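For the single chain, residues carry numbers from 1 onward in sequence order. Any value given below was found using the heavy atoms of this structure, including those in side chains, with hydrogens, waters and symmetry copies removed. Owing to the predicted nature of the structure, the values given are computational and were not obtained by experimental measurement.
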Amino acid sequence: MELIVMLTYNDFTVSDAAQVFDSCRESKASYWGFKEHPLPLEEMKQLYAEMKRCGKTTFLEVVAYSEEEGLAGAQMCVECGCDILMGTTFHDSILQFCREHDIRYMPFVGKVSGRPSVLEGSIEEMIAEAREYIKKGAYGVDLLGYRYVGDAVRLNRELVKQVPGAVCIAGSIDSFQRLDEVKEANPWAFTIGSAFFNRCFGGTMHEQIDKVCDYINQ
């Protein structure tokens, strides 16, 4: 299970993302990412390039719900040299584009809306949806578990258990209690963004990242 540090706050990339990364480049986290808005593309390219130089695996999470926006996000991922595209609603065209450009694709599951995102839908439908996407060739799925309007703990646990692919639990993991729940679900990865900027885990950004990495490996 890996921590993906997201340089984001309320589903938008923070303006000083490059400086924050620079202050934490020696932390224990090897997975890093941010959102498609609002940094200019050239700044995104430079930051991803720096992450890659530091040996990090890179993620772009696109909070968009139309096919056109999803394809634009995938194109952005290619231009930035990013490893993994998270988010977007699933479309065969986005999957095909990612395949052609050697990008791993992890779309949202369920009915996702708004920004910050909200997740709706039945657990059974989301499991079936995730299985179908992976069967088609998606690397995994982006599960907004703690944005769910229902039983988030059950959703996280059941989807990870029943889906044969990489599951990332993304969004609103902001306490050690939720870290315990995530550890129990045991997904491939999980994201933390806003909670680090809110100092939910105590200390500097660097200290919080290391604290969370140590905690999940206990």
Minimum heavy-atom separation for [X] to [Y], with atom names?
X: Val62; Y: Phe108; result: O-CE1, 3.7 Å
X: Arg178; Y: Ser172; result: NH1-O, 2.6 Å
X: Pro187; Y: Ile169; result: CG-CD1, 3.8 Å
X: Glu36; Y: Glu61; result: OE1-O, 3.3 Å
X: Ser117; Y: Val112; result: CB-CG1, 3.7 Å
X: Leu41; Y: Cys80; result: CD1-SG, 3.8 Å

Does Glu100, at its CD atom, have more than 12 non-hydrogen atoms belonging to other residues, nucleotides or ligands within less than 6.0 Å? yes
More than 12 heavy atoms of other groups within 6.0 Å of Asp102 CG: no
Residues 121-133 vs side chain to side chain donor-acceptor pair (under 3.5 Å), sequence neighbours excluded, gives Ser122-Glu125, Glu124-Arg154, Glu129-Tyr133
Test log, rule side chain to side chain contact (heavy atoms under 4.5 Å, CB included), inputs Thr204 and Ile209
CA-CA 9 Å; Thr204 66; Ile209 291 168; over 6 Å; no
Checking the side chain of [X] only, and the main-chain atoms of [Y] only, is there a donor and an acceptor separated by less than 3.5 Å?
X: Thr88; Y: Pro107; value: no
X: Lys211; Y: Gly202; value: yes
X: Thr58; Y: Cys82; value: no
X: Thr8; Y: Asp11; value: no
X: Asp210; Y: Ser27; value: no

Kindly indicate whether the side chain of [X], heavy atoms from C-beta on, has any atom under 4.5 Å from the side chain of [Y].
X: Met44; Y: Leu39; value: yes
X: Tyr48; Y: Phe34; value: yes
X: Thr89; Y: Glu69; value: no
X: Leu95; Y: Lys136; value: yes
X: Leu143; Y: Cys168; value: no
X: Glu181; Y: Glu184; value: no
X: Val141; Y: Leu159; value: yes
X: His101; Y: Gln75; value: no

Students should find that the hydrophobic cluster of Met86, defined by side-chain heavy atoms under 4.5 Å apart, otherwise consists of Ile4, Met6, Tyr31, Phe59, Ile84, Met106, Tyr139, Trp188
Check: For Leu85 and Ile94, what are the C-alpha separation, side-chain angles and deciding distance, and is it a side chain to side chain contact (heavy atoms under 4.5 Å, CB included)?
Finding: CA-CA 10 Å; Leu85 173 64; Ile94 301 174; 4.0 Å; yes
Rounded to the nearest 0.5 Å, what separation is found between the [atom1] atom of [X] and the [atom2] atom of [Y]?
X: His206; Y: Lys28; atom1: NE2; atom2: NZ; value: 9.5 Å
X: Lys183; Y: Met1; atom1: NZ; atom2: CE; value: 7.0 Å
X: Tyr105; Y: Ile134; atom1: OH; atom2: CD1; value: 12.5 Å
X: Arg104; Y: Arg99; atom1: CZ; atom2: CZ; value: 15.0 Å
X: Leu60; Y: Thr13; atom1: CG; atom2: OG1; value: 8.0 Å
X: Lys111; Y: Leu144; atom1: NZ; atom2: CG; value: 14.5 Å

Under 3.5 Å, which donor-acceptor pairs link side chains of residues 192-199 to any protein atom two or more places apart or in another chain?
| residue | atom | partner | partner atom | Å |
| --- | --- | --- | --- | --- |
| Ser194 | OG | Asn10 | N | 2.8 |
| Asn198 | OD1 | Tyr9 | OH | 2.9 |
| Arg199 | NH1 | Gly203 | O | 2.6 |

- Query: So, are Arg157 and Asp151 salt-bridged, with charged N and O less than 4.0 Å apart?
  - Reply: no
* For the pair Asp83 and Lys52, find out whether any cationic side-chain nitrogen is under 4.0 Å from an anionic carboxylate oxygen. => yes
Report the C-alpha separation of Met126 and Leu119 in whole Å, then their side-chain angles, then the decisive distance to 0.1 Å, and conclude whether the side chain to side chain contact (heavy atoms under 4.5 Å, CB included) test is met. CA-CA 10 Å; Met126 282 188 264; Leu119 176 63; 3.9 Å; yes
Residue pairs passing the ring-ring contact (aromatic ring centres under 6.0 Å, His included) test with at least one member in residues 147-183, sequence neighbours excluded, are Phe176-Phe201, Phe176-Tyr215
In short, ring-ring contact (aromatic ring centres under 6.0 Å, His included) pairs touching residues 69-88 with sequence neighbours left out are none
Q) Could you go step by step and tell me if Ile173 and Thr191 meet the side chain to side chain contact (heavy atoms under 4.5 Å, CB included) rule? A) CA-CA 7 Å; Ile173 297 170; Thr191 70; 5.6 Å; no
Do any side-chain atoms of residues 14-24 form donor-acceptor pairs under 3.5 angstrom with protein atoms, and if so which ones, sequence neighbours left out?
| residue | atom | partner | partner atom | Å |
| --- | --- | --- | --- | --- |
| Asp22 | OD1 | Arg25 | NE | 3.0 |
| Asp22 | OD1 | Arg25 | NH2 | 2.7 |
| Ser23 | OG | Val20 | O | 2.7 |

*Within 45 degrees of the axis of the six-membered ring of Phe12 and under 6.0 Å from its centre: does Arg115 put its NZ or CZ there?*
yes
